[in-house]
2 protein chains.
Amino acid sequence: MRIFPKVFKTAMEKAQLPLSEMARVAGVSARQIRYWEKKGYITSHQAQKNQNHKFNFFSLLKVMEIKEFLDEGYTLQAAVEKQRERQNILRSVRRLINERLLGVEEVAACQEGVEINLGPLDNDETKVVVAQIKAGQPVKLILKKHQPID
Amino acid sequence: MRIFPKVFKTAMEKAQLPLSEMARVAGVSARQIRYWEKKGYITSHQAQKNQNHKFNFFSLLKVMEIKEFLDEGYTLQAAVEKQRERQNILRSVRRLINERLLGVEEVAACQEGVEINLGPLDNDETKVVVAQIKAGQPVKLILKKHQPID
DNA sequence: CTAATTTTGTCAAATTATTTGACAATAATA
DNA sequence: TATTATTGTCAAATAATTTGACAAAATTAG
């Protein structure tokens, strides 16, 4: 059985949030979001003048991280700078999800649970890393012999 | 260096989308979303009467999958049933992301790239699976000796 | 320390978006 | 064919957002 968890990827890339959601989830004020946007710290999409600003998922992550640094006592400028240094971490997590977790094409489902093929090991191309997910048990990572799909 | 990609997890769990976003991303009409909600196929959160309905990320995934089955020619009821059979796959992907990818506490960042510790192998607890992410290169999975954090 | 700048709060009017209920059209099923 | 399920469309009421403005508070520069 082969299934594609593509929706996950598409949803993450396409979903856009209204300003109020950004503020609510991140725990900052709408005024702050607007100001940060005006300063270019975050970007949004506005189809036409007077229409709602829409923010994507990754702008939300940015705002949440800036907020964390603000809470630690940094000024806005410093918080933005600290966040920028971490930017490639968020980008990396995003790549990992897209390329390995949601980019893979092989998901096996049976009564017992679900197995998600994360792809081959770099050191050893004959083996693949597989995540085993069963109810009531922690997610397990196991190695399996690579079996090319015919 | 230890960093926590916790924002990713929080954002996914807390972010809520307005009805219009659900419709736009999934490619269905607002009327459809409302009807499906009324039928109990998807759930939403409405704080008070007349206030906006908010849908979480996983309801969006549900809608997207139902839409896919509709496009394949299934009737609504059949599409919902097909989606229900896949429900545990989405749930599993969600668990994998939460427990392994975003639940882990160890992320190392340096100039060359980022390494994300996905945790120990189930067969061999002395080794951990690490994702190596570098610009311009595909995401690699490697095995490393497990080094307990002191 | 003081002045200038940055950042955020608040308010009000205009605009945009959503809800709700209703009726009708189309699709699916008995 | 009759019935039910599903979706389109419309209009009025309500809710949410934008925009611009002024002021307060926090930060930085002189």
Side-chain angles (χ1 to χ4, degrees), chain A residues 14-57 59-60 62-85, chain B residues 14-57 59-60 62-85:
Chain A
K14 286 180 64 179
Q16 294 190 305
L17 303 165
L19 195 146
S20 56
E21 251 322 88
M22 300 282 286
R24 190 187 66 83
V25 174
V28 301
S29 70
R31 185 68 175 84
Q32 285 175 295
I33 301 279
R34 291 211 181 89
Y35 183 69
W36 300 356
E37 187 194 358
K38 182 185 162 197
K39 296 287 288 182
Y41 300 150
I42 52 175
T43 59
S44 79
H45 176 256
Q46 187 182 37
Q48 290 181 350
K49 169 103 172 171
N50 283 339
Q51 256 179 358
N52 291 7
H53 296 225
K54 300 281 195 171
F55 301 82
N56 68 23
F57 193 75
S59 291
L60 173 58
K62 229 182 203 174
V63 168
M64 291 173 77
E65 288 197 333
I66 293 174
K67 160 70 172 169
E68 280 186 1
F69 288 121
L70 284 180
D71 286 345
E72 289 175 17
Y74 292 95
T75 65
L76 178 61
Q77 285 198 359
V80 168
E81 182 50 37
K82 292 285 276 182
Q83 196 283 323
R84 278 203 181 118
E85 291 167 12
Chain B
K14 286 180 64 179
Q16 294 190 304
L17 303 165
L19 194 146
S20 56
E21 248 329 83
M22 299 283 286
R24 191 186 66 82
V25 174
V28 301
S29 70
R31 184 69 174 84
Q32 284 175 296
I33 301 278
R34 291 210 182 88
Y35 184 69
W36 300 357
E37 188 196 356
K38 182 184 162 198
K39 295 286 288 183
Y41 299 151
I42 52 175
T43 59
S44 80
H45 176 255
Q46 186 182 37
Q48 291 181 349
K49 169 101 172 172
N50 284 339
Q51 257 179 358
N52 291 8
H53 296 225
K54 301 281 197 169
F55 301 82
N56 68 23
F57 192 75
S59 291
L60 173 58
K62 228 180 202 174
V63 168
M64 291 174 77
E65 288 197 335
I66 293 174
K67 160 69 171 169
E68 281 185 359
F69 288 120
L70 284 181
D71 286 345
E72 289 174 17
Y74 291 95
T75 65
L76 178 61
Q77 284 198 358
V80 168
E81 182 52 36
K82 294 284 277 181
Q83 196 284 323
R84 279 205 179 118
E85 292 167 11

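The chains referred to below are lettered A, B, ... by the order of the sequence lines, with proteins before strands, and numbering in each begins at 1. For clarity, every value in this text was computed on a predicted model and none was experimentally measured.
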Could you state the atom-to-atom distance from CG of A/Asn50 to C1' of C/dT16 in whole Å? 8 Å
Nearest whole Å is fine: how far is C/dT29 C1' from B/Leu76 CG? 14 Å
Can you tell me how far OH of B/Tyr35 sits from OG of B/Ser29, rounded to the nearest 0.5 angstrom? 12.5 Å
Select from A/Gly73 and A/Ser20 the residue whose nearest nucleotide in DNA chain D is closer to the 5' end of that strand. A/Ser20
Under 4.0 Å between a side-chain N/O of A/Trp36 and OP1 or OP2 of C/dT7, yes or no? no
Whole angstrom value for the distance that separates P of C/dT26 from CZ of B/Arg31: 15 Å
Let me know the distance between CD of A/Glu37 and P of C/dT6, rounded to the nearest Å. 18 Å
Using side-chain contact (heavy atoms from CB on, under 4.5 Å), reason through B/Ile42 and B/Leu60 one step at a time and then give a plain yes or no. CA-CA 9 Å; B/Ile42 52 175; B/Leu60 173 58; over 6 Å; no
Pairwise 5' ranking along DNA chain D for B/Tyr41 and A/Lys49, keeping only the more 5' one: B/Tyr41
Whole Å only: how far is the CD atom of A/Gln48 from the P atom of C/dT16? 9 Å
Between B/Glu21 (CD) and C/dT19 (P), how many Å, whole number? 13 Å
Let's go through B/Arg34 and B/Ser44 carefully: what are the C-alpha distance in whole Å and the side-chain angles of both, what is the deciding distance for side-chain contact (heavy atoms from CB on, under 4.5 Å) to 0.1 Å, and is it a yes or a no? CA-CA 10 Å; B/Arg34 291 210 182 88; B/Ser44 80; over 6 Å; no
Of all the choices, C/dG9, C/dT7, C/dC23, which nucleotide is nearest to the side chain of A/Lys39 once you look at every atom? C/dT7
Would a distance-only check, ignoring hydrogens and angles, find a side-chain to backbone donor-acceptor pair under 3.5 Å from A/Glu65 to A/Lys62? no
If I take atom CD in residue A/Gln51 and atom C1' in nucleotide C/dA17, what distance separates them, rounded to the nearest angstrom? 10 Å
Determine: side-chain N/O of A/Tyr35 to OP1/OP2 of C/dT8, distance under 4.0 Å, yes or no. no
Check every nucleotide of DNA chain D for an atom under 4.0 Å from a heavy-atom of chain B, then give the first and the last such nucleotide from 5' to 3'. D/dA5 to D/dA16
side-chain contact (heavy atoms from CB on, under 4.5 Å) between A/Val63 and A/Tyr41: does it pass, once the steps are laid out? CA-CA 9 Å; A/Val63 168; A/Tyr41 300 150; over 6 Å; no
Trace of the side chain to side chain donor-acceptor pair (under 3.5 Å) decision for A/Gln46 with A/Gln51: CA-CA 6 Å; A/Gln46 187 182 37; A/Gln51 256 179 358; over 6 Å; no
Going by an N to O cut-off under 4.0 Å, is there a salt bridge joining A/Arg24 and A/Glu21? yes
Take the protein atom NE2 of B/His53 and the nucleotide atom C1' of C/dA17, then report the distance between them rounded to whole Å. 13 Å
